[in-house]
Amino acid sequence: MELIQDNPDLSAYLAADEVVDHHHPLVRETAARLAKGATDSYVYARLAFEFVRDTIPHSQDSGDPRVTWRASDVLARGTGICYAKAHALAALLRAEDIPTALCYQRFDVVHGLVAVRFNGAWHRQDPRGNKPGVDARFSLDGERLAFLPDPEAGELDYPGLYATAHPAVLDALKGARDRPHLWETLPATLS
């Protein structure tokens, strides 16, 4: 699948906004701590991915009812669903000048992940969090995502690479009282 930048300006994939708030002190502190253990940007990207995947539980898996959507809130509260974890990873990567896009897949509902740009190409990564049957890994040599769509079941990979969170996703996150309510309002498709 060919990934398509929603914005042709690569600098858009380094920008901070209300969701990917990499200017926030907690995001900056976390990025600086992770960067101390990195010898280059590739190592940093892997460390940031593993940090989000492994230390921030997916709220559905952990049973946490809280809904987070802003990267700094995900880090502060230590919880989030796939979109929130993708926002946190995007913020940590952009904080270290690594172009990062938000991207999506469609299953029963839309699933969120990120793509990082290295060596002139985009590489999708899924920081959702591993569990039995899910083994996502950071990789620049072929995708190691949490889930693979089944086209026969109507599942798909969206080719779009977004500099900002998709409005349908963000509206659902912001409007949710708690995670059970969010599950009722998650978008089934991107339009």
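This one's a predicted model, so the numbers in the text were calculated from it and none came from an experiment.
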Report task. In sequence, state the C-alpha distance, the side-chain angles, and the governing distance for Ile4 and Leu161, and then conclude on side-chain contact (heavy atoms from CB on, under 4.5 Å). Result -> CA-CA 6 Å; Ile4 303 165; Leu161 299 171; over 6 Å; no
Can you tell me how far the [atom1] atom of [X] sits from the [atom2] atom of [Y], to the nearest 0.5 Å?
X      : Y      : atom1 : atom2 : value
Ile98  : Arg117 : CD1   : CZ    : 13.5 Å
Gln125 : Leu113 : CD    : CG    : 9.0 Å
Arg53  : Asn130 : CZ    : CG    : 5.0 Å
Gln105 : Cys82  : CD    : SG    : 9.0 Å
Tyr83  : Leu102 : OH    : CG    : 11.5 Å
His22  : Thr100 : NE2   : OG1   : 9.0 Å

Any carboxylate oxygen within less than 4.0 angstrom of a Lys/Arg side-chain nitrogen, looking at [X] and [Y]?
X      : Y      : value
Glu96  : Arg28  : no
Glu29  : Arg33  : no
Arg124 : Asp157 : yes

Considering all heavy atoms of both residues, which atom of [X] and which atom of [Y] are nearest to each other, and what is their separation?
X      : Y      : answer
Pro99  : Leu14  : N-CD2, 3.5 Å
Ala12  : Ala163 : O-CB, 3.5 Å
Val20  : Ala90  : CG1-C, 3.8 Å
Ala146 : Ala136 : N-CB, 3.7 Å
Val67  : Ala176 : CG2-CB, 4.0 Å
Ala188 : Val110 : C-CG2, 3.9 Å

Is there a donor-acceptor contact under 3.5 Å from the side chain of [X] to the main chain of [Y]?
X      : Y      : answer
Glu155 : Asp150 : yes
Asn119 : Ala121 : no
Lys85  : Pro127 : yes
Arg66  : Arg77  : yes
His58  : Gly129 : no
Arg106 : Gly154 : yes
Asp21  : His23  : no
Arg179 : Asp64  : yes
Arg94  : Ala15  : yes
Thr185 : Leu182 : yes

Query raised in the report: With sequence neighbours left out, which residue pairs that include part of residues 125-178 fulfil the ring pair (Phe, Tyr, Trp, His ring centres under 6.0 Å) condition?
Result: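 For residues 125-178, and leaving out neighbouring residues, the ring pair (Phe, Tyr, Trp, His ring centres under 6.0 Å) pairs sorted by first residue read Phe49-Phe138, Tyr104-Tyr162, Phe107-Phe147, His111-Phe147, Tyr162-His166.
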Query raised in the report: According to a 4.5 Å side-chain heavy-atom criterion applied to Ile, Leu, Val, Met, Phe, Trp and Tyr, with indirect links allowed, do Leu170 and Leu190 form part of one hydrophobic cluster?
Result: yes
Query raised in the report: Are Asp135 and Arg144 close enough, and set up right, to give a salt bridge (charged side-chain N to carboxylate O under 4.0 Å, His left out), and what steps lead you there?
Result: CA-CA 8 Å; Asp135 186 26; Arg144 298 286 308 271; 3.5 Å; yes
Query raised in the report: Does the side-chain contact (heavy atoms from CB on, under 4.5 Å) test come out yes or no for Glu143 and Asp126, once each step is laid out?
Result: CA-CA 9 Å; Glu143 294 183 336; Asp126 191 343; over 6 Å; no
Query raised in the report: side chain to side chain donor-acceptor pair (under 3.5 Å) with Trp122: which residues, sequence neighbours excluded?
Result: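 In terms of side chain to side chain donor-acceptor pair (under 3.5 Å), with neighbours along the sequence ignored, Trp122 is linked to Gln5.
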Query - Stepwise salt bridge (charged side-chain N to carboxylate O under 4.0 Å, His left out) check, Lys174 with Glu18 - result: CA-CA 12 Å; Lys174 284 182 166 183; Glu18 71 169 336; 2.9 Å; yes
Query raised in the report: Would Thr30 and Phe51 satisfy side-chain contact (heavy atoms from CB on, under 4.5 Å), going step by step from the backbone distance to the final call?
Result: CA-CA 10 Å; Thr30 305; Phe51 173 80; 3.7 Å; yes
Does the side chain of [X] come under 3.5 Å of the side chain of [Y] through a donor N or O and an acceptor N or O?
X      : Y      : answer
Asp73  : Thr68  : no
Tyr13  : Asp6   : no
Ser139 : Asp141 : no

Requested in this report: List for me each residue that meets side chain to side chain contact (heavy atoms under 4.5 Å, CB included) alongside Thr164, sequence neighbours excluded, and say none if there are none.
Outcome: Asp17
Query raised in the report: Hey, which of Thr39, Leu34, Asp97 is the one that makes side chain to side chain contact (heavy atoms under 4.5 Å, CB included) with Tyr44?
Result: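 Single side chain to side chain contact (heavy atoms under 4.5 Å, CB included) partner of Tyr44 among Thr39, Leu34, Asp97: Leu34.
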Report task. Taking the side chain as every heavy atom from C-beta outward, state whether Leu173 and Ile81 have any atom pair closer than 4.5 Å. Result -> yes
